[in-house]
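Structure, as structure tokens:
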Amino acid sequence: MQAAPFTLAGVLTGVRLGMPVWPSLAVFAAAFGAAAAQRGLSLWEATAMSAFVFAGAAQMVTLEVWSQPWTLRALLAAMTVTALINARMILMGATVQPWMRGSPPWRTALSLFFLVDAGWLIGMRHRSEGGRDLGVLVGAGLGMWPLWVATTAAGHLAGALVTAPQVYALDMIMPVFFAAMLAPLWRGVRPALPWLVSGAVALAVQRLVPGYGFIAAGAVAGLITGALVDDGAPR
């Protein structure tokens, strides 16, 4: 099978399409850096976590169970919550697998390293509109990565100065961006049922059960619903 094209033009397009979410990303990363400083992480440790993990929600939650010195119980707790939060990446990876089929291993690894929620959404919209350039998917995440790392460092240095992004409504940029990107992908209620069920179950479990089990519950509910619902799309 012929691999999807991967061009510099596609990478630059992905970078450009991801720009609307950069302000929200910068505030989130700065807040993480400030929180990391308060938890006792050094500038190097906080910046390295952002550079190599590149997963905002997982990084934030890990700080809640961060302990010095580390104990086996704390380490297992950090591993568990990180796995729960990032479980959605399994579904996201499955959706991009047909697109990456036939690509060399280095390109697949590069694509998956830079795969983040906003980048995945940009890539899926590009593909749903007939695009095939895998560079768009990579470029969206690639453009966010250096900003995420740099503003983590800035937030760490600034300490507790960035603690309330909601005061400036910057915390709304990400939800608005997702809503705007998802709207053109609407194909009716039936194809959207897995998303709707997943969200409803996650909200219900979050209300009733303490901890982060709502993430796994929502993901499993969406997966089961998706397996039961045939939207008629080509497989």
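All residue numbers in this chain count up from 1 along the given sequence.
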For the residue pair Arg132 and Pro5, what are the closest heavy atoms and their distance? NH1-CD, 3.2 Å
Nearest-0.5 Å distance, OG of residue Ser103 to CZ of residue Phe6: 9.0 Å
How about Thr95 and Trp120: does a side-chain donor come under 3.5 Å of a side-chain acceptor? yes
Let me check something: do Ile224 and Leu203 share a hydrophobic cluster, defined by ILVMFWY side-chain heavy atoms less than 4.5 Å apart, either directly or through other members? no
Can Val11 be reached from Trp106 by stepping across I, L, V, M, F, W or Y side chains whose heavy atoms are under 4.5 Å apart? yes
Leu112/Met89 under side-chain contact (heavy atoms from CB on, under 4.5 Å): CA gap, chis, key distance, verdict: CA-CA 9 Å; Leu112 294 177; Met89 302 299 291; over 6 Å; no
Under 3.5 Å: donor-acceptor pair, side chain of Glu129, backbone of His126: no
If I take atom CE from residue Met124 and atom CG from residue Leu137, how far apart are they, to the nearest 0.5 angstrom? 6.5 Å
Interatomic distance, CD@Gln38 vs NE2@His156, rounded to 0.5 Å, equals 10.0 Å
Restricting to pairs with a member in residues 5-17, which pass side chain to side chain donor-acceptor pair (under 3.5 Å), not counting sequence neighbours? Thr7-Asp133
Using modelled atom types only, decide if a donor and an acceptor are shared between the side chain of Trp148 and the backbone of Ala26 within a distance under 3.5 Å. no
Between the side chain of Glu45 and the main-chain N/O of Leu41, is any donor-acceptor distance below 3.5 Å? no
Looking at every non-hydrogen atom in both residues, tell me the closest pair between Ala35 and Leu63 and how far apart they are. CB-CD1, 3.7 Å
Which heavy atom of Ala29 sits nearest to which heavy atom of Thr151, and what is that distance? CB-OG1, 3.1 Å
Group every Ile, Leu, Val, Met, Phe, Trp and Tyr by side-chain heavy-atom contacts under 4.5 Å, then state whether Leu157 and Val149 land in the same group. no
Could you state whether Val21 and Leu12 fall into the same hydrophobic cluster, counting links through intermediate Ile, Leu, Val, Met, Phe, Trp or Tyr residues with side-chain heavy atoms under 4.5 angstrom apart? no
For the CZ atom of Arg39 and the OG1 atom of Thr62, what is their distance to the nearest 0.5 Å? 11.0 Å
Does one hydrophobic cluster hold both Phe32 and Leu43, with members joined at side-chain heavy-atom distances below 4.5 Å? no
Looking at Trp44, I'd like to know if its CH2 atom is crowded, meaning that more than 12 non-hydrogen atoms belonging to other residues, nucleotides or ligands lie closer than 6.0 Å. no
Sequence neighbours left out, what passes side-chain contact (heavy atoms from CB on, under 4.5 Å) with Ala221? Give chain and number order. Val197, Val201
In terms of heavy-atom contacts, Met144 and Gly119 come closest through CE-N, 4.2 Å
Report the distance from atom OG of Ser198 to atom CG of Leu193, rounding to the nearest 0.5 Å. 12.0 Å
Say you draw a straight line from CG of Asp117 to CE of Met92; how long is it, rounded to the nearest 0.5 Å? 4.5 Å
Pick from Val138, Leu134, Leu142: which one makes a side chain to side chain contact (heavy atoms under 4.5 Å, CB included) with Leu110? Val138
Shortest non-hydrogen contact from Pro20 toward Pro23: O-CD, 3.5 Å
To check you understand the geometry: which heavy-atom pair defines the closest contact between Ala46 and Thr152, and what is its length? O-CG2, 3.6 Å
Measure up the Phe114 and Phe54 rings against each other and bin them: parallel (under 30°), tilted (30 to 60°), perpendicular (over 60°). perpendicular
